[in-house]
Number of protein chains: 2
Amino acid sequence: MTTTIKRRDTGVNLFHALSDVTRLEIMERLKDGELCVCDLTEALKTGQSRLSFHLKVLKDAGLITDRPEGRWTYYALNHEALKELEAVVQALQGSRRGVGSSSRCR
Amino acid sequence: MTTTIKRRDTGVNLFHALSDVTRLEIMERLKDGELCVCDLTEALKTGQSRLSFHLKVLKDAGLITDRPEGRWTYYALNHEALKELEAVVQALQGSRRGVGSSSRCR
DNA sequence: ATGAGCAATCAACATTCGTTGATCAGTAGA
DNA sequence: TCTACTGATCAACGAATGTTGATTGCTCAT
């Protein structure tokens, strides 16, 4: 089914974006509200370039949004994407019906 | 906090294991019950070696379990891990309190 | 206009990840 | 025992990812 494939694709994208310690930590920091890159640089004690890279990955996956203001850029969680992620995970848990229904390989 | 760090690590592991189309498809196939590798090889129309590789990744992440029987090995979802995954995702959605509480970068 | 600060982008490099084909170990059946 | 089959593992290769330092573009303050 097309929707299944589409969900699989968005699932892969979301999971990949979250499959990195730095990016997960960014997400955690953003739980309390939006932060600019300089906040995050200080909080994570890491280089600006590296941070920018990971922010881009998260943004491309739709997990965060950016809001440029003056010379700063504020990043925030995108709760829509997180709801979508939750849906993907729940779809994975699935029906849980009938256990042990293998075809037994011939 | 230690539990936070631990959750972040298991989160990274789980997310990484699911960040691949083939592995997600394996998970979906296993929703209906356990399958042996030959079932999956046929279902996904792919090589045995490749499949074995991805099954190992999923197993190492704790997302699936294996049950050798005779010359076949049956794989099944580990619902414990899926519950853990759900918890990680929900922790990510977090408090959702106070928006716009940035430190404003000076 | 000039200088300073924030953040994105780039190139270069190292590391990790996924694929493929071959080999190996264990099991079932003749 | 000999053979056929399932599935794990390995080596080799190519592709994708992450890191670092430098550069560039903007914006604000002087």
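The sequence lines fix the lettering, A, B, ..., with proteins before strands; numbering per chain opens at 1. Source: prediction; values computed, not measured.
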Taking all non-hydrogen atoms of both residues into account, name the closest pair between [X] and [Y] and its distance.
| X | Y | value |
| --- | --- | --- |
| B:L58 | B:I26 | CD1-CG2, 3.8 Å |
| B:Q90 | A:E86 | NE2-OE2, 3.4 Å |
| A:M27 | B:L92 | CB-CD1, 4.1 Å |

Margin query: Check the phosphate of D:dT6 against B:Y74, side-chain N and O only, distance under 4.0 Å to OP1 or OP2. Yes or no?
Written below: no
Next item on the list: Please determine if a side-chain N or O atom of A:Y75 lies less than 4.0 Å away from the OP1 or OP2 oxygen of C:dC6.
Entry: no
Next item on the list: Strictly below 4.0 Å, heavy-atom distances to any atom of DNA chain C: list the hits from residues 47-57 of chain B, or just say none.
Entry: B:S49, B:R50, B:F53, B:H54
Next item on the list: With a 4.0 Å heavy-atom cut-off, tell me which residues in residues 14-25 of chain B come close to DNA chain C, sorted by residue number.
Entry: B:H16, B:D20, B:R23
To the nearest angstrom, how far is [X] atom [atom1] from [N] atom [atom2]?
| X | N | atom1 | atom2 | result |
| --- | --- | --- | --- | --- |
| A:L40 | C:dA7 | CG | P | 9 Å |
| A:E69 | D:dC26 | CD | P | 19 Å |
| A:W72 | C:dA8 | CH2 | P | 14 Å |
| B:K59 | D:dT9 | NZ | C1' | 13 Å |
| A:D66 | C:dA8 | CG | P | 7 Å |
| B:R67 | C:dT27 | CZ | C1' | 16 Å |
| A:L35 | C:dC6 | CG | C1' | 15 Å |

Any side-chain heavy-atom pair of [X] and [Y] under 4.5 Å:
| X | Y | value |
| --- | --- | --- |
| B:T22 | B:R50 | yes |
| B:F15 | A:L24 | yes |
| A:L30 | A:Y74 | no |
| A:L55 | A:D66 | no |
| A:I64 | A:N78 | no |
| B:L63 | B:V57 | no |

Notebook entry, point to check: Does DNA chain D take part in any stems of at least 3 consecutive Watson-Crick or G-U pairs (both distances under 3.5 Å), and if so, which ones?
Noted result: C:1-30 with D:1-30
Notebook entry, point to check: Between the main-chain N or O of B:H16 and the side-chain N or O of B:S19, is there a donor-acceptor pair closer than 3.5 Å?
Noted result: yes
Next item on the list: For side-chain contact (heavy atoms from CB on, under 4.5 Å), just list the numbers for B:V89 and A:V88, CA-CA rounded to whole Å, side-chain angles, deciding distance to a tenth of an Å, and then say yes or no.
Entry: CA-CA 10 Å; B:V89 169; A:V88 172; over 6 Å; no
Notebook entry, point to check: Nearest of D:dG7, D:dA29, C:dA7 to any side-chain atom of A:R71?
Noted result: D:dA29
